Amino acid sequence: MSPSSLSELSIEALLHRVREGEQGAWEELLRRSQDDLDGGAARRIGRSPPGGIRPSDVTQEAALAAFQRFASFRGTTEGEWRVWLEQVLHSRWVDMLRRAGTQKRDDGGALPLDAPEAQGVPAPQRSPSQVSFHQEEWRRLLTYFYELPDAQSEALSLYHLHGSTVEGITERLGRSNDAVDSLLRRGLRTLRARMQGTAEGESDESPQAVLTRNQVDAALSVYFRRREEGKPLEIDTFVAEFPDCADELRGLLHWLEKLRSLQPPSSS
């Protein structure tokens, strides 16, 4: 279903489509919930942001938590969704206050921090600092992913989150195999640049840098092809085949693996 068609669906229908794993359904559900998230964040922060917390920080934390915990949501109606989303946002707000050391005594509406909605995805063996770093990285990756140009975002989502083949994406997007291959590479580079805090236009245009990028592009095409053929792919082993561009190739494949972790767990 096209994005324009998804925009015509009710929240109830969108919830069903998200559970079915339909491309674009989660993005549309989040877009339709943005006002609720923004309003909830603004009400809590008021005019004096505690600990430097911005409304956008609360909104993004809540969106990430909802994405991570969606499999635990059993509701089917718009009302149930809004109540659950508000609970998730409040849990993230309380946790952010606690981390900032500014939580007020009068917080009677807070959910217990051991409630399911208050939980993130940290592994139990991680230290608190490791958990915080992991969640921040996850939140940024999710945010930057949805801020990609539409064509890049759709191609990456279809390929890495929904398991489509390059051939399948060419049919869906009406583009050539080379064009889809280029979208996947450019989207991956854009994500890497944003996660590293560099501007996308800052790339080195020296002859050596151009040669390295061309080598990486060729290597990524091989990677995509082998993956579609079902061949086992271990990053270090694969990168060793391309010593002339190993560092950049390894960096891009690192974020490719991170992208796969964006797929929410199945509710089944």
Side-chain angles (χ1 to χ4, degrees), residues 1-41 56 59-89 91-92 116-117 119-121 135 138-175 180 183-184 187-188 190-191 255-268:
M1 179 174 286
S2 67
S4 59
S5 299
L6 285 171
S7 67
E8 300 170 1
L9 295 178
S10 66
I11 293 293
E12 286 82 359
L14 277 174
L15 290 170
H16 176 72
R17 299 299 177 89
V18 172
R19 289 186 170 113
E20 292 294 313
E22 182 168 328
Q23 162 68 15
W26 171 259
E27 293 92 325
E28 177 62 21
L29 180 62
L30 186 61
R31 186 188 69 78
R32 301 265 286 276
S33 304
Q34 193 67 43
D35 287 346
D36 288 340
L37 290 171
D38 290 342
S56 60
T59 296
Q60 290 181 355
E61 286 262 354
L64 172 59
F67 188 82
Q68 293 170 327
R69 301 295 303 171
F70 184 78
S72 70
F73 173 60
R74 304 302 180 190
T76 57
T77 68
E78 180 174 354
E80 290 172 319
W81 166 249
R82 292 183 184 280
V83 168
W84 184 80
L85 193 62
E86 172 70 13
Q87 291 176 334
V88 172
L89 185 142
S91 296
R92 293 296 90 197
E117 294 84 0
Q119 302 303 306
V121 292
Q135 290 182 328
W138 226 88
R139 179 183 66 79
R140 289 173 57 228
L141 182 60
L142 180 62
T143 299
Y144 292 144
F145 178 76
Y146 287 129
E147 289 178 350
L148 286 173
D150 289 345
Q152 293 178 21
S153 176
E154 185 169 12
L156 283 170
S157 180
L158 286 168
Y159 192 80
H160 298 300
L161 272 64
H162 297 276
S164 295
T165 62
V166 170
E167 187 67 32
I169 299 172
T170 62
E171 294 178 4
R172 183 180 181 112
L173 301 185
R175 297 172 181 252
V180 169
L183 284 173
L184 293 171
L188 202 54
T190 300
L191 274 180
W255 293 114
L256 185 151
E257 293 300 318
K258 290 284 187 181
L259 266 181
R260 292 193 185 127
S261 73
L262 286 176
Q263 178 63 51
S266 171
S267 58
S268 58

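What you see below is based on every heavy atom in this structure, not just the backbone, and it leaves out hydrogens, waters and symmetry mates. Predicted, not measured: the structure shown is a model, and the values here were computed from it. Numbers here simply count residues along the sequence, with the first being 1.
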Taking only residues two or more places apart in sequence or in another chain, which ones pass side chain to side chain contact (heavy atoms under 4.5 Å, CB included) with Ser33?
Leu29, Trp81, Leu85
Leu183 and Ile169: side chain to side chain contact (heavy atoms under 4.5 Å, CB included), yes or no, with the steps?
CA-CA 11 Å; Leu183 284 173; Ile169 299 172; over 6 Å; no
Got a donor-acceptor contact below 3.5 angstrom from the Glu61 side chain to the Leu89 backbone?
no
Is the shortest side-chain heavy-atom distance between Arg19 and Phe70 below 4.5 Å?
yes
On the 0 to 90° scale, with breaks at 30° and 60°, tag the Trp26-Phe67 ring pair as parallel, tilted or perpendicular.
perpendicular
Intermediate values then yes/no, salt bridge (charged side-chain N to carboxylate O under 4.0 Å, His left out), Arg31 and Glu27
CA-CA 6 Å; Arg31 186 188 69 78; Glu27 293 92 325; over 6 Å; no
side-chain hydrogen bond (donor to acceptor under 3.5 Å, both in side chains) against Thr77, all qualifying residues, sequence neighbours excluded:
Glu80
I'd like to check Thr59 versus Gln34 (side-chain heavy atoms, cut-off strictly below 4.5 Å). Are they in contact?
yes
So, using salt bridge (charged side-chain N to carboxylate O under 4.0 Å, His left out) as the criterion, who are the partners of Arg175 when residues are at least two apart?
none
I'd like to know whether Arg69 forms a side chain to side chain contact (heavy atoms under 4.5 Å, CB included) with Val88, so could you lay out the CA-CA distance, the side-chain angles of the two residues, the decisive distance to 0.1 Å, and finally the verdict.
CA-CA 9 Å; Arg69 301 295 303 171; Val88 172; 5.6 Å; no
Glu86: what forms a salt bridge (charged side-chain N to carboxylate O under 4.0 Å, His left out) with it, not counting sequence neighbours?
Arg43, Arg44
Could you pull out all residues at least two apart from Glu171 that satisfy side chain to side chain contact (heavy atoms under 4.5 Å, CB included)?
Glu167
Closest non-hydrogen contact found for Ala63 with Leu30 is CB-CD1, 3.8 Å
Got a second to check how far Arg32's CZ is from Leu9's CG, nearest 0.5 Å?
7.0 Å
For Thr170, which residues count as a side-chain hydrogen bond (donor to acceptor under 3.5 Å, both in side chains) partner, sequence neighbours excluded?
none
Given side chain to side chain contact (heavy atoms under 4.5 Å, CB included), test Glu78 with Leu15 step by step and report yes or no.
CA-CA 9 Å; Glu78 180 174 354; Leu15 290 170; over 6 Å; no
Would you mind reporting whether Thr190 and Gln152 have side-chain heavy atoms less than 4.5 Å apart?
yes
One thing to verify: whether Arg17 and Glu28 come together as a salt bridge, which I'm taking to mean a side-chain N less than 4.0 angstrom from a carboxylate O.
no
